[in-house]
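Remarks on the structure that follows.
Whatever order the structure lists them in is the order used to number ligands and atoms, beginning at 1. Every heavy atom of this structure was used, including side-chain atoms; hydrogens, water molecules and symmetry mates were not.
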Amino acid sequence: MTVLTENTYKPLTNEDAAALVRKLKLIDGHDLAVSEIGDGNLNLVFRVQSSTESIIVKQALPYAKVVGESWPLTLDRARIESEALILAAKYVPDLVPKVLYSDSTLAVTIMEDLSDHSILRKSLIEGTAFSKLAAHIGQFTARTAFYTSDFYLHPFEKKKLVQHFSNPELCKITEDLVFTDPFFDHDTNEFSSALKPDVEKIWNDELLKKEAATLKYQFLTQAEVLLHGDLHTGSIFVTEKSTKVIDPEFAFYGPIGFDLGQFFANIALNYLSQHHHSSEPFNRKETQETLLTVIQETWTVFQNEFTRLVHEESKEVFARTPGVLQNVLEKTFIDSVGFAGCEIIRRTIGLAHVADLDSIPCEDVQLFLKKKALHLGTSLIKSRKSISSIEQFTSIIRGA
Ligand SMILES: Nc1ncnc2c1ncn2[C@@H]1O[C@H](COP(=O)(O)OP(=O)(O)O)[C@@H](O)[C@H]1O
Ligand SMILES: CSC[C@H]1O[C@H](OP(=O)(O)O)[C@H](O)[C@@H]1O
């Protein structure tokens with residue numbers, strides 16, 4: 001078995017993945033069956049199974065899988081992913097998969113197999129609701145934010161973490177794909193010609209572009225907390241009782257509202273897609289209202305838990321000065337609305353779309369809903385500063 005001894009990188013085959021698991025004795029090494037199950041944009045994911053147990057071996061490729069070798073990409077993202085999972089496990093142990101082994105040379109993370117869970121995006125498309133989801137994501141975002149922030153950490157320790165999680169190449173993907181390319185006639189964009197008039201409206205909207213640029217600037221400059229960095233519904237595994245956040249390879253220090261905004265946007269995109277996915281009007285309304293409740297409850301849990309932690313555990317001398325926490329929370333809320341708007345637009349016309357909208361077979365319905373998505377994203381970005389409550393935010397989604 002060479003993969004472990006050469007101390008060089010090579011993309012794993014199924015046989016290599018099995019050999020690695022056997023060598024590490026992580027599960028019973030007899031009769032291992034291996035399948036590559038990766039359906040994401042960037043990495044290989046192997047499921048290695050014995051007759052009684054299974055395990056996941058995730059490996060970064062030296063390029064973006066969705067585009068190919070013409071888009072080289074740092075292997076350091078595997079280190080970032082495993083270390084972000086290990087750090088999150090200190091504060092939200094039940095909400096992330098257990099990391100069993102990692103190797104930054106091979107760019108491998110071996111983790112708990114969550115195949116008894118489903119990917120949230122898929123379940124939402126099927127119309128399934130999860131009663132614990134909002135509480136879990138509210139806890140996840142609040143606790144990972146607080147414990148990596150200046151409210152909790154000594155400034156030296158925090159700045160060390162900022163350096164440790166410096167993730168320039170993956171951040172550049174977000175800077176381009178979320179905050180830049182969709183607002184210009186860029187060759188990474190993808191949309192049907194029937195949507196072109198709506199897209200051109202975006203490209204010609206100078207106020208919108210100024211506001212998108214402001215949000216991009218915040219993403220570029222505000223090292224507030226360690227973020228997951230890509231908290232969409234394809235990065236969340238669920239059962240009725242359990243939620244697990246996976247895939248933090250985009251982790252970096254950024255503005256607190258970014259993870260919340262990405263989550264809200266992907267729930268809002270599913271909300272829009274329910275116009276098609278649940279055709280029975282009563283069921284559709286019920287499903288849609290449940291989705292809006294998820295957004296509201298996530299924000300409420302985030303706000304309450306972050307507040308509790310600041311009151312009970314903050315080491316920052318100004319933490320209890322009246323108005324300080326309130327300012328941080330108000331800024332976080334406004335940012336999250338704006339970031340949600342950018343994510344909605346990019347998932348509609350940018351490089352990486354979402355199945356919620358793209359799997360709708362009727363082109364006219366897809367077009368109708370994508371127009372709504374672009375309109376919603378635009379108004380969230382432009383009017384975020386005048387949206388003063390989570391109820392107002394969800395009523396804008398309801399009215400889209
Ligand atoms: N711990 C896990 N347990 C079970 N399946 C997993 C696990 N991690 C990833 N997968 C599967 O692999 C897919 C891609 O994983 P992901 O981490 O999102 O990869 P990428 O970084 O390429 O987006 C997931 O949609 C899921 O089906
Ligand atoms: C060329 S990367 C595009 C897109 O893919 C990432 O998501 P995932 O790895 O979960 O599939 C991320 O959202 C990037 O913006």
Which protein non-hydrogen atom lies closest to [atom], naming both residue and atom, and how far is it?
| atom | answer |
| --- | --- |
| atom 19 (O) of ligand 1 | K58 NZ, 3.5 Å |
| atom 11 (C) of ligand 1 | I37 CD1, 3.8 Å |
| atom 2 (C) of ligand 1 | I56 CG1, 3.4 Å |
| atom 25 (O) of ligand 1 | D39 OD1, 2.7 Å |
| atom 7 (C) of ligand 1 | F237 CE1, 3.6 Å |

According to ring pair (Phe, Tyr, Trp, His ring centres under 6.0 Å), who are the partners of Y147, at least two apart in sequence or on a separate chain?
Y91, Y152
Examine distances only and state if a side-chain atom of [X] and a backbone atom of [Y] form a donor-acceptor pair shorter than 3.5 Å.
| X | Y | value |
| --- | --- | --- |
| N167 | E249 | yes |
| Q59 | K10 | yes |
| E169 | T74 | yes |
| T243 | T239 | no |

Would you mind running through ligand 1 and noting each atom that sits below 4.0 Å from a heavy atom of [X]?
| X | value |
| --- | --- |
| M111 | 1 (N) |
| D113 | 3 (N), 4 (C) |
| I119 | 25 (O) |
| V45 | 9 (C), 10 (N), 12 (O), 14 (C), 15 (O) |
| L42 | 22 (O) |
| N41 | 22 (O), 23 (O) |

Ring centroids only, cut at 6.0 angstrom: are W299 and F333 within range, meaning strictly under it?
yes
Aromatic contact, H154 with F156 (centres under 6.0 Å):
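Under 6.0 Å, so yes.
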Residue part near ligand 1, for E249, under 4.0 Å between non-hydrogen atoms
side chain
Which one holds for L114 and ligand 1: side chain close, backbone close, both close, or neither close, with close meaning a heavy atom under 4.0 Å?
both
Do E224 and K331 have side-chain heavy atoms sitting under 4.5 Å apart?
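Side chain of E224 against side chain of K331, heavy atoms only: contact under 4.5 Å found.
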Quick check: do L376 and L380 have side-chain heavy atoms less than 4.5 Å from each other?
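Yes, their side chains come closer than 4.5 Å.
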Aromatic rings F258 and F179: how do their planes relate, parallel, tilted or perpendicular, breaks at 30° and 60°?
tilted
Distances only, to 0.1 Å: what are the N or O pairs between ligand 2 and the protein that fall under 3.5 Å?
unit_1: ligand 2; atom_1: 5 (O); unit_2: N41; atom_2: ND2; d: 2.8
unit_1: ligand 2; atom_1: 7 (O); unit_2: D230; atom_2: OD2; d: 3.1
unit_1: ligand 2; atom_1: 10 (O); unit_2: D230; atom_2: OD2; d: 3.2
unit_1: ligand 2; atom_1: 10 (O); unit_2: H232; atom_2: NE2; d: 2.8
unit_1: ligand 2; atom_1: 10 (O); unit_2: D247; atom_2: OD2; d: 3.2
unit_1: ligand 2; atom_1: 11 (O); unit_2: N41; atom_2: N; d: 3.1
unit_1: ligand 2; atom_1: 11 (O); unit_2: N41; atom_2: ND2; d: 3.0
unit_1: ligand 2; atom_1: 13 (O); unit_2: D230; atom_2: OD1; d: 2.8
unit_1: ligand 2; atom_1: 13 (O); unit_2: D230; atom_2: OD2; d: 3.3
unit_1: ligand 2; atom_1: 13 (O); unit_2: R346; atom_2: NH2; d: 3.2
unit_1: ligand 2; atom_1: 13 (O); unit_2: R347; atom_2: NH2; d: 3.3
unit_1: ligand 2; atom_1: 15 (O); unit_2: R346; atom_2: NH1; d: 2.9
unit_1: ligand 2; atom_1: 15 (O); unit_2: R346; atom_2: NH2; d: 3.3

Counting only nitrogen or oxygen atoms and a 3.5 angstrom limit, does S115 reach ligand 1?
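S115 vs ligand 1: no N/O contact under 3.5 Å.
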So for atom NE2, which belongs to H353, do other residues, nucleotides or ligands contribute more than 12 heavy atoms lying within a distance under 6.0 Å?
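Atom NE2 in H353 is packed in, count exceeds 12.
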Listed once per pair and sorted, the ring pair (Phe, Tyr, Trp, His ring centres under 6.0 Å) pairs that draw on residues 39-85, sequence neighbours left out
none
With sequence neighbours left out, the residues meeting side-chain hydrogen bond (donor to acceptor under 3.5 Å, both in side chains) with D113 are R47, S54, S115
